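Structure first, then comments.
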Amino acid sequence: NQAAVIKGTGGGRSLMLTGHVDVVTAGEGWTVDPFGGERQDGFIYGRGTVDMKGGIAAMVCAVEAVIKGGGPLAGDVVVGTVVDEEAGGMGTLALVAKGYRTDACILTEPTNLDVATLCRGILWGKLVVKGRSGHIEMPQEDWRTGGAVDAIEKARLFLHHFDHLNKDWARTKTHPLISVPCQVKVAQITAGEYPSTYANKAEIVFNAQYLPRERDDNFLGGNVKREIEALVASVAKTDPWLAANPPELEWLLDADCGETPEEEPFVDHLRRCLGELNRRPRLFGAGSHTDMGWFVNVGIPTVIFGPGDVRLAHQYDERVSEDDVIAATKAIALALLTWCGE
């Protein structure tokens with residue numbers, strides 16, 4: 001983690017520019033060197049170019065341009081680059097815990113040069129459903145007298161109820177700025193030991209999203225955890241085996257969320273700066289997790305703004321448009337001059 005403070009002359013509003021420097025693994029399928037930073041046809045290729053080295057470059061170059069241009073800033077500027085965003089956000093938590101505070105913040109995640117004022121929280125959970133192994137081709141006694149129990153069959157009960165839960169969430173867990181509702185999405189299923197043996201155990205790993213209005217007293221997803229835990233417990237009670245052998249639910253990750261009201265002055269300020277550059281940014285909410293929440297939680301109005309198409313993040317041949325990086329740099333520089341310069 002790194003933080004730099006450019007002190008202003010005094011009396012002006014302060015601004016933080018921040019982003020994460022960690023990336024996901026390169027994976028397979030690349031047609032270029034994933035860490036080569038190759039430039040082709042107006043794009044820069046490589047793992048992390050969109051998520052989010054393009055945004056890091058834009059914010060650092062914007063500060064450099066303002067300083068070299070000699071434009072005096074009355075307010076302080078904080079530039080923070082952090083780690084661990086891809087695994088929960090402990091880097092940004094450390095930055096906030098160190099006491100860095102500003103009057104506004106731009107998180108330079110990719111937004112296609114639009115402005116996001118909200119991001120959802122993310123829960124990762126692992127549900128372990130117990131069974132009892134036995135020969136899959138042989139008739140089985142009742143489980144109470146030692147018969148086999150197929151963990152995969154029992155796991156299907158929870159998958160079925162997750163589907164019903166998602167239908168309910170599709171109506172109740174929505175937000176005007178987000179195009180898709182919160183859902184419980186199953187990401188991994190692991191079960192079975194041998195083709196002729198009933199599964200002794202089935203593991204379901206899922207991703208569940210939550211909205212800022214659902215946060216608990218610790219600004220995290222405790223309320224939604226309890227909702228899912230109650231569902232799992234109620235489903236287990238409907239089946240004699242599961243009632244006697246309840247599944248285990250382990251929470252793997254709780255990544256926070258945040259929302260900045262549209263009427264917050266900096267939201268309009270950034271949009272006006274983009275207007276000066278002949279851009280009409282869309283206001284939206286980020287469906288995926290970002291580190292926005294930790295800043296919002298300590299009272300810093302935060303927006304997400306940066307170059308690149310987030311749909312290219314985590315893909316092979318990840319790339320960012322050079323024009324987008326330049327446009328983002330100009331917008332951030334203008335925001336610095338007008339927000340911190342007064």
Side-chain angles (χ1 to χ4, degrees), residues 88 120-175 178-257 287-289:
R120 296 192 293 188
I122 303 296
L123 296 171
W124 291 353
K126 180 168 71 174
L127 182 65
V128 180
V129 182
K130 301 171 186 176
R132 181 186 289 156
S133 60
H135 201 304
I136 206 168
E137 301 155 20
M138 301 294 292
Q140 296 292 326
E141 300 178 20
D142 186 275
W143 66 268
R144 296 172 185 85
T145 56
V149 177
D150 185 4
I152 295 174
E153 179 185 347
K154 301 305 180 185
R156 285 197 185 104
L157 291 173
F158 296 99
L159 297 177
H160 175 70
H161 281 84
F162 281 167
D163 288 341
H164 280 286
L165 180 67
N166 283 336
K167 290 179 181 178
D168 180 58
W169 280 18
R171 294 181 293 102
T172 61
K173 295 182 185 289
T174 62
H175 191 286
I178 294 181
S179 60
V180 293
C182 296
Q183 299 278 269
V184 178
K185 295 288 190 180
V186 174
Q188 296 170 274
I189 298 177
T190 306
E193 300 160 334
Y194 198 73
S196 60
T197 304
Y198 282 114
N200 197 48
K201 180 175 67 175
E203 295 182 351
I204 302 170
V205 176
F206 61 87
N207 176 312
Q209 309 91 46
Y210 63 93
L211 295 167
R213 66 172 183 258
E214 300 180 286
R215 293 179 299 177
D216 60 20
D217 292 339
N218 294 317
F219 305 108
L220 292 170
N223 295 324
V224 180
K225 284 181 181 179
R226 286 187 285 274
E227 183 178 356
I228 295 173
E229 288 166 354
L231 173 70
V232 169
S234 66
V235 172
K237 291 178 182 178
T238 66
D239 181 273
W241 166 264
L242 292 173
N245 301 271
E248 299 172 358
L249 179 53
E250 177 185 356
W251 294 109
L252 307 176
L253 178 117
D254 186 349
D256 60 300
C257 55
S288 57
H289 175 259

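Note that the coordinates shown come from a computational prediction; the quantities given were computed from them, not determined experimentally.
Below 30°, between 30° and 60°, or above 60°: for His161 and His164 the angle between ring planes is between 30° and 60°, a tilted geometry.
Looking only at side-chain heavy atoms (C-beta outward), Asp168 and Arg171 come within less than 4.5 Å of each other. Side-chain contact between Trp169 and Val224: present, with at least one pair of heavy atoms (C-beta onward) separated by less than 4.5 Å. Counting heavy atoms from C-beta outward, Leu220 and Lys225 have side chains that stay 4.5 Å or more apart. You'll find the side chain of Val205 stays beyond 4.5 Å of the side chain of Trp124, heavy atoms only.
Taking CD1 from Ile178 and CZ from Arg120, the interatomic distance works out to 5.0 Å, rounded to the nearest 0.5 Å. Of the inter-residue distances, the one linking Leu253 atom CG with Ile122 atom CD1 reads 8.5 Å to the nearest 0.5 angstrom. Atoms CD1 and CG, on Ile228 and Leu165 in that order, are 7.0 Å from each other to the nearest 0.5 Å. Residue Asp256 holds its CG atom at 11.5 Å from CG of Asn218, rounded to the nearest 0.5 Å. Separating the CG atom in Asp254 from the CG atom in Asp216 is a distance of 7.0 Å, to the nearest 0.5 Å. The OG1 atom of Thr197 lies 11.0 Å from the CG atom of Asp150; values are rounded to the nearest 0.5 Å.
The side chain to side chain donor-acceptor pair (under 3.5 Å) search around Gln188 returns none, not counting sequence neighbours. Taking Lys201 as the reference, Val128, Glu203 meet the side chain to side chain contact (heavy atoms under 4.5 Å, CB included) condition, with sequence neighbours excluded. Evaluation of the side chain to side chain contact (heavy atoms under 4.5 Å, CB included) rule for Asp142 yields Arg144, Thr145 as partners, not counting sequence neighbours.
Closest of all the heavy-atom pairs between Val186 and Ile189 is CG1-CG1, 3.8 Å. Here the closest heavy-atom approach between residue Ala208 and residue Val184 is recorded as CB-CG2, 4.1 Å. Closest heavy-atom contact between Val129 and Ala151: O-CB, 3.7 Å. Smallest separation of non-hydrogen atoms from Ile136 and Pro195: CG2-O, 3.8 Å. Summarising the geometry of Thr174 relative to Leu211, their closest heavy-atom pair is O-CD1, 3.4 Å, with the distance given to 0.1 Å.
Among residue pairs with one or both ends in residues 206-215, those qualifying as salt bridge (Lys or Arg N to Asp or Glu O under 4.0 Å) are Lys173-Glu214; sequence neighbours excluded. Screening residues 192-214 for ring-ring contact (aromatic ring centres under 6.0 Å, His included) gives Phe162-Phe206, Phe206-Trp251 as the qualifying pairs, with residues at least two apart or on separate chains.
The backbone N or O of Gly146 sits nowhere less than 3.5 Å from a side-chain atom of Glu141 that would complete a donor-acceptor pair. Asn166 contributes no side-chain N or O that, together with a main-chain N or O of Gln183, makes up a donor-acceptor pair within less than 3.5 Å.
Of the residues listed (Ser288, Cys257, Cys182), the one engaging Gln209 in a side-chain contact (heavy atoms from CB on, under 4.5 Å) is Cys182, and it is the only one.
Annotation for Trp143: atom CH2 counts as buried by contact number, over 12 foreign heavy atoms lying within 6.0 Å.
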For residues 240-248, please give each side-chain donor-acceptor pair under 3.5 Å, one per line with the distance, not counting sequence neighbours.
residue: Trp241; atom: NE1; partner: Lys130; partner atom: O; Å: 2.9
residue: Asn245; atom: ND2; partner: Trp241; partner atom: O; Å: 3.1

